Every structure is written in structure tokens, then in C-alpha cells.
Amino acid sequence: MSSFGYRTLTVALFTLICCPGSDEKVFEVHVRPKKLAVEPKGSLEVNCSTTCNQPEVGGLETSLDKILLDEQAQWKHYLVSNISHDTVLQCHFTCSGKQESMNSNVSVYQPPRQVILTLQPTLVAVGKSFTIECRVPTVEPLDSLTLFLFRGNETLHYETFGKAAPAPQEATATFNSTADREDGHRNFSCLAVLDLMSRGGNIFHKHSAPKMLE
């Protein structure tokens, strides 16, 4: 046997032994959007697609309400509604007996609609301490929230929050300060920032009404 024939036989045997599924059809499944943030009871449109030319079956798995809006051989378009909690949507297709899937992560949020600033006490002598408190009654998710406390344009304090139960929570930030002569002419305020960019959403800002010491 020539060296060329020997090499050809060796390559063929290696392919059979090491790569038994090399002739199986490979296909992909895609979902749009891959992640999204919605308000409670909200809805979103989801598109499931595949590179398989003739999938045997496909669809969207979810415990939520869904309606098939449109479809073609390689894609299906759904409306998912009444979203009340964080969830995972799964698109799947089967091609030549093999199933592939891809998930879409959905987060439920409530933006900071009310930011309440309190100064205790409001009548403070120079050199005496007082407390600045910022409270947001209903917001979620807490781990995407940051509260900033300001004196004029100066940031006195900011506070972030750890992951909490997936439900609306109250968030509070406090800071102890000492009054100086200029504080009677300065505004104190609080800014709540809910950053949902990593969850496929937007950034929400809400300011408190400014307050001053007496």
C-alpha cells in the first residue's frame, strides 16, 4: 500500500472512531429578546427561530399566558402577557429528531415613583448632629437600586442593596451629619436610580423634594 493510501485509511478510521456524529445535522435556536424587564401584569412579544430548514416541531414553553401571533417554517412569534414575576421563557425546535433550545430571562420591576426625604431634627444648632433619611416606599428589584443623598451638589452618601425576595420592597438610606454655618442655606435632597440595563431594561431616576434645615 502506498503512503498516500495508508494516510487516507488512517484519517478515515480516526473519523469513525473519534467523531461518530460528524455527519449529524447541526442547527441553532434563537430567541429575541434574550432578556427584558417589564412592569407587573405587563406583556411582551417573543420571537423563536431556528436555522433548521424543516423543523419537525417547535414552540415556546412558559407557564404564562401566550398567544401565537404569526409563524413560518423557521420561526414563531408570540405574545406573552400577564407577567407577574421573574420568569424564564424557553424557545425550542426539533430537527432530525434532535431538540435544541434557548432561554429568555424576564424580570419584573417597579420604578421608584415616590422618594421621601426627612431631616431629623429640622432645627439644628451649628456643631450639632442631625440625620438625613431617604425612603422609597415601593420598588423592585432592590439589587438594581441605588439611593444618593445630596447637600447641594455634593454627594454625602450613597447606598446599594442586596438581592431580596422578588416582590416590591421599601428601601431606606440614612446618613448622620453635623450642621455647619452654611447648612441653613443649602438644599438637601435624595435621588433614587433603578438601573435595569443588565436586565434588558432602562434606567429610571426619581428625585425627592428638596429640604432645608431651620
Side-chain angles (χ1 to χ4, degrees), residues 31-46 62-66 79-89 103-124 128-180 182-214:
V31 59
R32 295 289 184 275
K34 289 185 177 180
K35 53 187 177 181
L36 193 68
V38 300
E39 293 195 65
K41 306 300 181 182
S43 61
L44 75 152
E45 294 186 17
V46 181
T62 176
S63 60
L64 302 172
D65 299 335
K66 67 177 180 181
L79 174 66
V80 179
S81 58
N82 200 28
I83 303 170
S84 58
H85 57 272
D86 293 358
T87 189
V88 176
L89 311 176
N103 294 339
S104 173
N105 295 304
V106 181
S107 301
V108 172
Y109 74 93
Q110 290 201 40
R113 292 187 171 90
Q114 186 179 22
V115 181
I116 303 167
L117 182 74
T118 304
L119 303 178
Q120 289 290 341
T122 57
L123 182 60
V124 187
K128 298 297 183 180
S129 63
F130 66 100
T131 300
I132 309 165
E133 180 184 87
C134 178
R135 184 168 61 89
V136 181
T138 305
V139 64
E140 69 170 317
L142 277 186
D143 57 343
S144 295
L145 178 71
T146 305
L147 298 182
F148 297 88
L149 300 177
F150 294 98
R151 177 172 56 194
N153 295 322
E154 177 191 2
T155 302
L156 294 175
H157 176 70
Y158 72 90
E159 192 158 332
T160 57
F161 302 85
K163 192 170 182 62
Q169 305 281 329
E170 179 174 282
T172 303
T174 59
F175 181 74
N176 295 319
S177 185
T178 301
D180 62 32
E182 300 300 322
D183 281 346
H185 307 287
R186 293 168 173 161
N187 284 324
F188 292 85
S189 63
C190 177
L191 169 64
V193 178
L194 188 68
D195 186 350
L196 301 173
M197 295 292 287
S198 64
R199 298 171 182 260
N202 299 315
I203 301 177
F204 297 87
H205 302 81
K206 184 68 175 180
H207 288 268
S208 70
K211 290 195 173 183
M212 298 179 68
L213 293 172
E214 297 179 8

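Values below: all heavy atoms of this structure, side chains included; hydrogens, waters and symmetry mates excluded. The structure displayed is predicted, hence computed values, not measured ones.
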Student: Kindly compute the distance separating CD (Glu133) from CD1 (Ile116), expressed to the nearest 0.5 Å.
Tutor: 9.0 Å

Student: Got a donor-acceptor contact below 3.5 angstrom from the Lys128 side chain to the Ala179 backbone?
Tutor: no

Student: Which heavy atom in Asn103 sits nearest to a heavy atom in Val31, and how many Å separate them?
Tutor: O-CG1, 3.5 Å

Student: Which heavy atom in Ala171 sits nearest to a heavy atom in Leu142, and how many Å separate them?
Tutor: CB-CD2, 3.9 Å

Student: Closer than 3.5 angstrom, by distance alone: can the side chain of Lys211 be matched with the main-chain N or O of Leu119 as a donor-acceptor pair?
Tutor: no

Student: Between His205 and Val115, does a side-chain contact (heavy atoms from CB on, under 4.5 Å) hold up when you go through it step by step?
Tutor: CA-CA 10 Å; His205 302 81; Val115 181; over 6 Å; no

Student: Just verifying a value: how many Å separate Leu44 CG and Lys66 NZ, rounded to the nearest 0.5 Å?
Tutor: 13.0 Å

Student: Looking at every heavy atom in both Thr146 and Tyr158, which two are closest together, and how far apart are they?
Tutor: CG2-CD1, 4.1 Å

Student: Atom NZ of residue position Lys206 - does it have more than 12 heavy atoms of other residues, nucleotides or ligands inside 6.0 Å?
Tutor: no

Student: Does Ile132 form a side-chain contact (heavy atoms from CB on, under 4.5 Å) with Leu117? I'd like the steps, not just the answer.
Tutor: CA-CA 7 Å; Ile132 309 165; Leu117 182 74; 3.6 Å; yes

Student: Working to the nearest 0.5 Å, report the span between CD of Glu140 and CG of Leu145.
Tutor: 11.5 Å

Student: Begin from the C-alpha positions of Asn82 and Lys41 and carry the test side-chain contact (heavy atoms from CB on, under 4.5 Å) through to its verdict.
Tutor: CA-CA 4 Å; Asn82 200 28; Lys41 306 300 181 182; 3.2 Å; yes

Student: Atom CG in Asp180, atom CZ in Arg186: separation rounded to 0.5 Å?
Tutor: 5.0 Å

Student: Report yes or no: does Ser104 contribute a side-chain atom to a donor-acceptor pair with the main-chain N or O of Pro33 at less than 3.5 Å?
Tutor: yes

Student: Less than 4.5 Å apart, any side-chain heavy atom of Leu196 and any of Lys35?
Tutor: no

Student: With a 4.5 Å cut-off on side-chain heavy atoms, are Ser189 and Ser208 touching?
Tutor: yes

Student: For this output row, return yes or no: ring centroids of Phe188 and Phe175 closer than 6.0 angstrom.
Tutor: no

Student: Please find the pair of heavy atoms, one from Leu147 and one from Cys134, that lie closest to each other, and give the distance.
Tutor: CD1-O, 4.2 Å

Student: Please round to the nearest 0.5 Å and tell me the distance separating atom NE2 of His157 and atom CZ of Arg151.
Tutor: 14.0 Å

Student: Return the minimal non-hydrogen interatomic distance between Leu194 and Pro112, and the atom names on each side.
Tutor: CB-CD, 3.9 Å

Student: Tell me which one of Leu191, Asn187, Leu156 satisfies side-chain contact (heavy atoms from CB on, under 4.5 Å) with Phe150.
Tutor: Leu191

Student: Any side-chain to backbone donor/acceptor pair from Asp195 onto Ile203? Under 3.5 Å, distance only.
Tutor: no

Student: In Å, rounded to the nearest 0.5 Å, how long is the span from CZ of Phe204 to CZ of Arg113?
Tutor: 8.5 Å

Student: Scan Val124, Leu123, Asn176 and name whichever one has a side-chain contact (heavy atoms from CB on, under 4.5 Å) with Phe130.
Tutor: Val124

